[in-house]
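The basis for the numbers below is simple: all heavy atoms, side chains too, and nothing from hydrogens, waters or symmetry mates. Computed from a predicted model, the values in this text were never measured in an experiment.
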Amino acid sequence: IHASFAFDVPLDDALRGNGSSPSSPASAAAAAPRSLLVEFVSPSVTSPSPLESLGLGALNPAVQRLLPLALPHMHFADLSRRGYLVLTVGRDRAACEFWYVSDVRRRRRAARAWRQRGEGVAEAETLGARVVADRGANRITSVE
């Protein structure tokens, strides 16, 4: 997909296999208040987003603002930046950090840039979001 997403996967009739689907996002949220699990989708470091692949990258900000209206179970999305995710699974929670690179066209030594952050060197990577699912919640519990 080459974009960043964090979703609750709702436990609804469509997932139970009867083929019915709510008619609107609002009815979807009302019909499926419970979540079966969470899903984290990783961006790509070198590949463009789907809209960029079609030459429509300028639409990314507008689409990103509209997505929550169509997908109420989506808690985080970034369609433009390139990077990777780090998933930490512990006894009490799963935490997903979305990291973004500043420039994929130039080779950098990210570790060196990180060590020198305090000395005025531009950061090679930035934390875009940290998304947490607490144990037993079966849903995203915080986005920082």
Could you list the donor-acceptor pairs under 3.5 angstrom formed by side chains in residues 62-75, with sequence neighbours left out?
from  : atom 1 : to    : atom 2 : distance (Å)
Gln64 : OE1    : Leu79 : N      : 2.9
Gln64 : NE2    : Ala77 : O      : 3.2
Arg65 : NH1    : Pro61 : O      : 3.4
His75 : NE2    : Asp8  : OD2    : 2.7

Straight-line distance of Ser80 OG to Leu51 CG, nearest 0.5 Å
8.5 Å

Decide yes or no on side-chain contact (heavy atoms from CB on, under 4.5 Å) for Asn138 and Arg34, but give the supporting numbers first.
CA-CA 8 Å; Asn138 293 358; Arg34 294 183 2 187; over 6 Å; no

Connected-component partners of Val38 among ILVMFWY, side-chain separation under 4.5 Å
Phe40, Phe76, Leu85, Leu87, Val89, Phe98, Tyr100, Val131, Ile140, Val143

Please enumerate all residues that pass side-chain contact (heavy atoms from CB on, under 4.5 Å) together with Ser53, with sequence neighbours excluded.
Pro48

Stepwise side-chain contact (heavy atoms from CB on, under 4.5 Å) check, Thr141 with Arg93:
CA-CA 10 Å; Thr141 52; Arg93 70 190 47 85; over 6 Å; no

What are the two closest heavy atoms between Ser35 and Arg139, and how far apart are they?
CB-CB, 3.8 Å

For the side chain of Asp134 and the backbone of Ala137, is there at least one donor-acceptor N/O pair under 3.5 Å apart?
no

Less than 4.5 Å apart, any side-chain heavy atom of Asn60 and any of Ser49?
yes

CA sep, side-chain torsions, deciding dist, call: Arg82, Val45, side-chain contact (heavy atoms from CB on, under 4.5 Å)
CA-CA 5 Å; Arg82 296 177 182 176; Val45 171; 5.5 Å; no

